[in-house]
Number of protein chains: 2
Amino acid sequence: MLRDSLIDIQVRAMPDQLVQALESAIVFGELPAGTHVVEEEVAERYRVSRSPVREALRRLERDGMLVRDERRGVRVAPISARDLDEIYMCRIPLEGLAAAQAAAMHNPDVIPRLNVCLNDLERCFKSGDIKGYFIANVAFTDLVHNAAANSTLASLLEGIGKRALRYRYFAYSTAPDLVTASVEGSREIVDMISDRNQTGAKKVTEKLIERSWKTIRNLIDA
Amino acid sequence: MLRDSLIDIQVRAMPDQLVQALESAIVFGELPAGTHVVEEEVAERYRVSRSPVREALRRLERDGMLVRDERRGVRVAPISARDLDEIYMCRIPLEGLAAAQAAAMHNPDVIPRLNVCLNDLERCFKSGDIKGYFIANVAFTDLVHNAAANSTLASLLEGIGKRALRYRYFAYSTAPDLVTASVEGSREIVDMISDRNQTGAKKVTEKLIERSWKTIRNLIDA
DNA sequence: TTTTTGGGTACTGGATCCAAAAACCGAAGT
DNA sequence: ACTTCGGTTTTTGGATCCAGTACCCAAAAA
């Protein structure tokens, strides 16, 4: 039908786009921690009214990217060692579970897609394209999350994954050589998933994240 | 001044109140799964405009209590064995982590408070007060979550905890004797926490939740 | 009788609008 | 010079308005 071919012109709802835009601005440090975000300004900047902006801000608040002072507006969430610890403590078991489930499901056509991602990852790593590396990395983890076939788990991970990304971008952009371990680890995870090795996938994933945690932590403390 | 004495009647923000109200209506089955929730009706029912209602609905959607069909509004999320499985699969490691952290922190004055909760739990159980039992149970788990001193973890658990509550209320109200295991398990958890036994607390918690999962699952399948 | 089409209705999503709280600023008084 | 008070401005939070879309039903066409 004609409708079917036209229907996806309306790609995404407006608040989604705003969330996307603000989110990456926060992750990539264009909006530094603590910046006061004013509804009216965002609305003007993106040529929309305050309604969709308000919704977008609420969502970002819920994801922990923004914090709200009642009746005083929102500001970009501060980053801190404490916050980092909280996030990673939660990420470890959840990412582990996702990897294990992905291995358990063993959807045959995710392996090639994971490999494609892996290549992107390596390419960006070698060419020193930090931002590109992060895009590829998000795509990779998203694939794993989807392969786990648990939308509840996926949405939990999406939220804290983004928060983690802030710290990771901060860490990797100050010490670019950190990505090495990440690339290796990702390859190991793919191996475990294609072997249907649930506990293996879980263990490898948890180790990788734990290591990432420690490394970032050291960098922040310094 | 008179104004000052009146001003704090407005204890919480309006959307919060709406979330609270709708949430419990959903958990306790007053709004059955699939019910179409119309913004205008809710607004009229609670004597507010659509703005705060919209925000409340967005939040409930985000927590998985409501689902949205683009441009067609929201309805109460359907319940299903699949959904139950997703929730519990996530709850197990997270609740386990929370219990372990609570044991690690060992804030001395949470133990008596947990015991108070435990008594409430037992009393409601004995008098067959299902709804009261649930209130006490939420208070209990909230205490554990707070004792873990990880607000990120707490907020993750708050979200899926509520979704789980729907299933638990459904299960317990059809087979009231199920609560027995829950009361015992809760006591064990308190013991582990006061012994500062992290792995023990984790194990016991995970077991308890896993058991609850299986039981509810059987009931749903039937 | 079944399918299509047109109009009417209902509801969401976005844009204003308005009130009230908080931040800002400047003048007066200590 | 420093604080305090009062008015002004900014900005949030809630109410209302308007446009666009999906749904329903009835009438016309096949």
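Chain letters run A, B, ... following the sequence lines, proteins first, then strands; residues in each count from 1.
- Remark: P of D:dC23 and NE2 of B:H36 are 10 Å apart, rounded to the nearest angstrom.
- Atom CD of B:E44 is separated from atom C1' of C:dC11 by 14 Å (rounded to the nearest Å).
- Nucleotide C:dA10 holds its P atom 22 Å from the CZ atom of B:R75, rounded to whole Å.
- A:V74 comes within 4.0 angstrom of nothing in the nucleic acid, heavy atoms only.
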Collect all protein-nucleotide pairs involving nucleotides 13-16 of chain C in which both atoms are nitrogen or oxygen and the distance is under 3.5 Å.
| unit_1 | atom_1 | unit_2 | atom_2 | d |
| --- | --- | --- | --- | --- |
| C:dG13 | OP2 | B:R68 | NH1 | 2.9 |
| C:dG13 | O4' | B:R71 | NH2 | 3.4 |
| C:dG13 | N7 | B:R50 | NH2 | 3.0 |
| C:dG13 | O6 | B:R50 | NH1 | 3.1 |
| C:dG14 | N7 | B:R54 | NH1 | 3.2 |
| C:dG14 | N7 | B:R54 | NH2 | 3.3 |
| C:dG14 | O6 | B:R54 | NH1 | 3.4 |
| C:dA15 | OP2 | A:S49 | N | 2.7 |
| C:dA15 | OP2 | A:S49 | OG | 2.6 |
| C:dA15 | O5' | A:S49 | OG | 3.3 |
| C:dA15 | N7 | A:S51 | OG | 2.5 |

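- Between the C1' atom of C:dT12 and the CD atom of B:E41 lies a distance of 13 Å, rounded to the nearest Å.
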Tabulate below the donor-acceptor pairs under 3.5 Å that side-chain atoms of residues 25-33 of chain B make, not counting sequence neighbours, or state none.
none

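- For B:R45, the side chain to side chain donor-acceptor pair (under 3.5 Å) test picks out no residue, with sequence neighbours left out.
- Among the protein residues, B:V53 comes within range of no part of the nucleic acid, since none of its heavy atoms lies under 4.0 Å from any strand.
- One finds a salt bridge joining B:D69 and B:R75 here, because a Lys/Arg side-chain nitrogen approaches an Asp/Glu carboxylate oxygen to under 4.0 Å.
- A 3.5 Å limit on both hydrogen-bonding distances identifies C:dG26 as the Watson-Crick or G-U partner of D:dC5.
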Table please: side-chain donor-acceptor pairs of residues 92-111 of chain B below 3.5 Å, with sequence neighbours left out.
| unit_1 | atom_1 | unit_2 | atom_2 | d |
| --- | --- | --- | --- | --- |
| B:E95 | OE1 | B:H145 | NE2 | 3.0 |
| B:E95 | OE2 | B:R91 | NH2 | 3.3 |
| B:E95 | OE2 | B:H145 | NE2 | 3.4 |
| B:H106 | ND1 | B:R196 | NE | 3.4 |
| B:H106 | ND1 | B:R196 | NH2 | 3.4 |
| B:N107 | OD1 | B:D109 | N | 3.3 |
| B:D109 | OD1 | B:R113 | NH2 | 3.3 |

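- For the ring-ring contact (aromatic ring centres under 6.0 Å, His included) test, no residue two or more places apart in sequence or in another chain qualifies with B:F125.
- The side chain to side chain contact (heavy atoms under 4.5 Å, CB included) search around A:R62 returns B:R59, B:R62, B:D63, not counting sequence neighbours.
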